[in-house]
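What you see below is based on every heavy atom in this structure, not just the backbone, and it leaves out hydrogens, waters and symmetry mates. Values in this document were obtained by computation on a predicted structure and should not be read as measured data. Throughout, numbering of the chain's residues begins at 1 and tracks the sequence. When a ligand or atom number is given, it counts from 1 through the structure's own listing order.
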Amino acid sequence: MKVIELKDVKKSYGKNEILHGISLDIEEGSIHGLVGRNGCGKTTLIKCLTGIYEQDQGQILVCGEEIFENPNVKAQVGYVADSNQYFEGYHIDEMVEFYKQIYPTFDEKVFRDYNQSIGLDVSKRIKELSKGQAMSLASMLNLSIHPKVMIMDEPMSGLDVIAQKQIKDFIVNEVDMNGMSVLISSHDLKDLESFCDSASMMKDGKILYQGTMDQMKERFTKLQVVFGESRSEIFKELSGVITYSNLGSVYTVILEGYGEPIHEALKQAGAIVVEEIPLSLEEVFVYSNR
Ligand SMILES: Nc1ncnc2c1ncn2[C@@H]1O[C@H](COP(=O)(O)OP(=O)(O)OP(=O)(O)O)[C@@H](O)[C@H]1O
């Protein structure tokens with residue numbers, strides 16, 4: 001079942017259109033990564049998806065309903081923003097009380113359990129927390145709602161590696177125990193690769209492609225090709241080659257549209273070895289944004 005459905009969503013700031021027709025589906029119980037260069041529109045998309053902004057065009061369904069000005073749906077959605085500038089004068093304990101009032105599903109015991117690991121002093125005011133501590137708090141509070149859908153805008157920024165692991169463990173726990181679905185934006189692609197089931201890659205206000213991690217990587221192929229002698233000219237002529245490098249007669253090639261014809265062309269040109277090497281999400285990102 002799809003918990004998030006976006007159809008042809010457009011959003012402008014004034015006359016400047018930022019989202020140019022975004023369509024995106026996220027399956028229940030999955031962790032979906034949102035990646036893209038600075039300024040491509042991730043936060044704008046997230047603010048539409050959480051109902052903070054109304055889209056100018058298109059449809060956004062969360063749990064089957066429009067989210068904008070829909071408190072019933074919003075009550076089922078956790079949101080960790082990329083910066084937390086509100087409630088600065090509140091003590092953590094007061095924030096817990098506030099969440100209890102706003103969200104009937106808020107589970108104080110779970111919050112205390114999470115904070116047992118993270119170790120924030122609950123008598124502190126929000127403004128006395130470091131950036132990483134404030135991000136951890138936002139994640140813990142929102143996870144303790146047991147939301148059906150969790151939207152997280154760079155939630156790991158500022159967190160040390162131990163806190164990152166703890167927050168990821170909490171997220172996975174909520175997914176496993178309660179079937180929570182997650183959309184998470186991050187610039188740490190290695191991290192997303194190990195953590196997400198699927199991802200979307202944004203570029204200039206559009207989704208370039210979306211799919212499972214394996215499907216994302218299918219777009220490009222990385223080959224190791226060995227000739228008896230140096231043969232760089234072949235890669236200048238071969239179709240789909242994005243980049244190549246060599247160490248003597250051993251070539252590493254990144255190409256698009258690899259298949260039998262290219263394999264045959266390399267063999268006919270005298271390649272002794274043509275071997276596919278796994279690509280990382282980071283490599284897919286870099287070659288997609290060239
Ligand atoms: N409130 C605003 N008013 C006008 N323009 C804005 C506003 N917020 C963002 N923008 C512009 O919209 C574009 C997309 O910004 P957005 O914050 O959505 O990008 P992002 O992908 O989240 O970037 P980053 O990875 O740096 O956080 C940018 O060009 C930005 O300058």
Side-chain angles (χ1 to χ4, degrees), residues 4-26 31-60 62 67-69 74 77-86 88 130-139 142 149-159 163-164 167-168 171 181-196 198-211 213 216 219 280-290:
I4 294 177
E5 292 170 82
L6 280 84
K7 287 180 198 137
D8 199 23
V9 171
K10 295 188 176 174
K11 174 72 190 167
S12 301
Y13 295 114
K15 287 185 178 158
N16 192 12
E17 189 174 274
I18 302 297
L19 303 180
H20 308 296
I22 301 273
S23 295
L24 175 66
D25 292 333
I26 298 176
I31 303 179
H32 187 92
L34 182 65
V35 302
R37 296 200 62 187
N38 293 130
C40 72
K42 299 180 298 298
T43 297
T44 306
L45 178 63
I46 281 174
K47 285 185 173 166
C48 290
L49 195 48
T50 47
I52 295 170
Y53 294 159
E54 185 178 19
Q55 71 274 21
D56 302 324
Q57 195 183 300
Q59 193 179 40
I60 299 177
V62 178
I67 187 158
F68 188 71
E69 291 183 342
K74 285 188 178 178
V77 176
Y79 170 46
V80 177
D82 58 348
S83 63
N84 301 281
Q85 290 157 338
Y86 307 103
E88 288 203 322
S130 72
K131 181 175 184 260
Q133 288 172 329
M135 284 306 274
S136 294
L137 175 65
S139 290
N142 281 282
V149 176
M150 178 65 126
I151 313 288
M152 309 180 94
D153 197 351
E154 298 186 40
M156 304 300 168
S157 71
L159 268 64
Q164 282 189 25
I167 297 292
K168 278 189 275 180
I171 295 170
S181 312
V182 186
L183 180 133
I184 178 168
S185 79
S186 174
H187 291 291
D188 185 342
L189 303 188
K190 279 201 188 87
D191 197 44
L192 280 189
E193 188 170 356
S194 62
F195 184 53
C196 295
S198 58
S200 298
M201 200 165 287
M202 276 186 81
K203 189 174 180 180
D204 301 334
K206 293 183 190 148
I207 302 275
L208 265 188
Y209 34 87
Q210 59 176 300
M213 285 299 163
M216 302 286 285
R219 167 109 199 244
S280 67
L281 183 63
E282 200 164 272
E283 286 172 307
V284 174
F285 182 80
V286 169
Y287 300 125
S288 300
N289 284 284
R290 282 165 76 98

Which of these, Ser181, Cys196, Ser198, Ser185, sits in a side chain to side chain contact (heavy atoms under 4.5 Å, CB included) with His32?
Ser198

Between side-chain atoms of residues 51-58 and protein atoms elsewhere (two or more places apart, or another chain), which donor-acceptor pairs fall under 3.5 Å?
{"unit_1": "Gln55", "atom_1": "NE2", "unit_2": "Gly58", "atom_2": "O", "d": "3.2"}
{"unit_1": "Asp56", "atom_1": "OD2", "unit_2": "Ser12", "atom_2": "N", "d": "2.7"}

Of all residues at least two apart in sequence or in a different chain, which pass the side chain to side chain contact (heavy atoms under 4.5 Å, CB included) check with Leu281?
Leu189, Leu192, Glu193, Met201, Met213, Met216

Applying side chain to side chain contact (heavy atoms under 4.5 Å, CB included), name anything that partners Lys203, two or more places apart in sequence or on another chain.
Leu208, Asn289

Classify the side-chain pair Asp8/Ser23 by whether it contains a donor and acceptor separated by less than 3.5 Å.
no

Check against salt bridge (Lys or Arg N to Asp or Glu O under 4.0 Å), Lys42 and Asp82:
CA-CA 11 Å; Lys42 299 180 298 298; Asp82 58 348; over 6 Å; no

At less than 4.0 angstrom from any atom of ligand 1, which residues have a non-hydrogen atom? List them by chain and residue number.
Tyr13, Ile18, Arg37, Asn38, Gly39, Cys40, Gly41, Lys42, Thr43, Thr44, Glu154, His187

